[in-house]
2 protein chains.
Amino acid sequence: MSHSDLFQKVVSFASSVHEVSHEMTRGVKNEDVTPVQYKILEYMMFSQPVTPSQIADCVDLSLPNTSRELRKLLEKGLCEKAVDDADRRRQLFRLSGDGQAMLDRIFAQAQQGFERKIAGLSGEELKEIERALALLQKKVFK
Amino acid sequence: MSHSDLFQKVVSFASSVHEVSHEMTRGVKNEDVTPVQYKILEYMMFSQPVTPSQIADCVDLSLPNTSRELRKLLEKGLCEKAVDDADRRRQLFRLSGDGQAMLDRIFAQAQQGFERKIAGLSGEELKEIERALALLQKKVFK
DNA sequence: CCCTTTAGTTGTCATTTGATAACAAAAAGG
DNA sequence: CCTTTTTGTTATCAAATGACAACTAAAGGG
């Protein structure tokens, strides 16, 4: 197994992961958010509160465009904004109740798809999967 | 380890995979193709020749929009078109020499990034990675 | 043949996304 | 204070994408 062959397998694997996650998050299109807006909300879910600059960095968007999308999310009532008292230039964003509820819906649906995939696997198989995830995340996808 | 916890790990893992592949294919932006056009070319690389209908299915694009993007790729000289003699409604697309060369460049760059990541791993570790990829692709991301 | 279905093209329009300039306000550092 | 830097907003504009109607041409089935 040459490095080239392994690389080919990684490419093919990444493509499968993309396909499956696209399939699992198809619930997004039932909601009134664009793909970019969804990415922002998803990022917000894992690290709250966040500033526009942090979002711009992590979601790979310019600051003006981030600001625009955040305004739209505010108008839709999916997130909330507050000034940072320590540095009043900074704006702290977090999910609103509605925003959290929306992500909960989407994730619940994605988890259902996942449950269907792993239904019927033994406890030992699940442990193997967990080990494989940790291994790859550490050595290849970090 | 509940199913929920495992699901969380899968979500986090998928996110890492997305990030790394985005990083690895950043060579795309040096080339004169849009993201959608790149996806079409990448699909063409793995299955040639393909019809517009097949592309529309696999790249998740309407047939009219697929047709438009294929016309642009033809104008850029990145792919070639031929009618299927067996069914003259069908158009068979494949990469041109230039298109193949472009993908070769992008993949060579991505592979360099990969090589840097796995540099210093032992043969046994590489085998473990290979096994982990196969396991996950079979049981979770199929 | 004629009718229906399939494959693809063309054109048009609205929305989303990306890029950039100009601006305002607060902080930081003399 | 005063200048510079950082953070964010607003306003435009161009390009990319998505959706859909109307059309052509070939195949398929009586």
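Protein chains get the first letters and strands the later ones, always in sequence-line order, with residue 1 at the start of each. Below, each value reflects all heavy atoms present in this structure, side chains not excepted, and no hydrogens, waters or symmetry copies.
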Open item on the list: Other residues, nucleotides and ligands only: do more than 12 of their heavy atoms fall within 6.0 Å of CD on Glu115(B)?
Closed with: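 Above 12, so yes.
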Open item on the list: Considering only residues two or more places apart or on different chains, which pairs with a residue in residues 18-47 of chain A satisfy ring pair (Phe, Tyr, Trp, His ring centres under 6.0 Å)?
Closed with: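 The answer is His18(A)-His18(B).
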TODO: Using the salt bridge (Lys or Arg N to Asp or Glu O under 4.0 Å) rule, take Glu23(A) and Lys142(B) through it: C-alpha gap first, then chi angles, then the decisive distance, then the call.
DONE: CA-CA 11 Å; Glu23(A) 167 64 22; Lys142(B) 71 168 174 322; over 6 Å; no
TODO: Could you tell me whether Glu69(B) and Lys72(B) have a side-chain N and a carboxylate O separated by less than 4.0 Å?
DONE: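 So Glu69(B) pairs with Lys72(B) through a salt bridge.
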Task: Within residues 32-44 of chain B, residues whose heavy atoms come under 4.0 Å of DNA chain C - done: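 Within residues 32-44 of chain B, no residue comes under 4.0 Å of DNA chain C.
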Task: Partners meeting side chain to side chain contact (heavy atoms under 4.5 Å, CB included) with Asp98(B) (sequence neighbours left out) - done: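 Asp98(B): side chain to side chain contact (heavy atoms under 4.5 Å, CB included) contacts with Leu78(B), Ser96(B).
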TODO: Assess whether one donor atom and one acceptor atom, taken from the side chain of Arg89(A) and the base of dT6(D), lie less than 3.5 Å apart.
DONE: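 Flag set: donor-acceptor pair detected.
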TODO: Examine the side chains of Gln137(B) and Lys9(A) and answer whether a donor and an acceptor come within less than 3.5 Å of each other.
DONE: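 The criterion, which ignores hydrogens and geometry beyond distance, is not satisfied for Lys9(A) and Gln137(B).
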TODO: Verify the distance criterion only: is there a donor paired with an acceptor across the side chains of Thr51(A) and Gln91(A) at less than 3.5 Å?
DONE: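 The answer is no; no qualifying pair exists.
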- [ ] Tell me which of Asp85(A) and Lys72(A) sits closer to the 5' end of DNA chain C, going by the nucleotide each one is nearest to.
- [x]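 Nearest-nucleotide comparison on DNA chain C picks Lys72(A).
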Open item on the list: Suppose we screen for ring pair (Phe, Tyr, Trp, His ring centres under 6.0 Å). Which residues come up paired with Phe114(A), at least two apart in sequence or across chains?
Closed with: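 Partners of Phe114(A) by the ring pair (Phe, Tyr, Trp, His ring centres under 6.0 Å) criterion, ordered by chain and then number, come out as Phe7(B).
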Task: Outermost DNA chain C nucleotides near chain A [under 4.0 Å, heavy atoms] - done: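 Contact span on the strand: dT16(C) to dA27(C).
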Task: Taking every non-hydrogen atom, the tightest pair across Arg94(A) and Met44(A) - done: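 What the structure gives for the nearest pair is C-SD, 3.9 Å.
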Open item on the list: Testing the basics here: between Val20(A) and Lys117(A), what is the closest heavy-atom pair and its distance to 0.1 Å?
Closed with: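 Shortest heavy-atom separation between Val20(A) and Lys117(A) comes out as CG1-CE, 3.9 Å.
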TODO: Write down the distance between CZ (Arg90(A)) and C1' (dT5(D)), rounded to a whole number of angstrom.
DONE: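 Whole-Å distance recorded here is 15 Å.
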Open item on the list: Using whole Å, what does the distance between atom P of nucleotide dT17(D) and atom CG of Leu61(B) come to?
Closed with: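 It is 9 Å, rounded to the nearest whole Å.
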Report all interatomic pairs (protein N or O, nucleotide N or O of nucleotides 9-12 of chain D) with separations under 3.5 Å.
unit_1, atom_1, unit_2, atom_2, d
dT9(D), OP1, Lys81(A), NZ, 3.0
dT9(D), OP2, Ser67(A), OG, 2.9
dT9(D), O5', Ser67(A), OG, 3.3

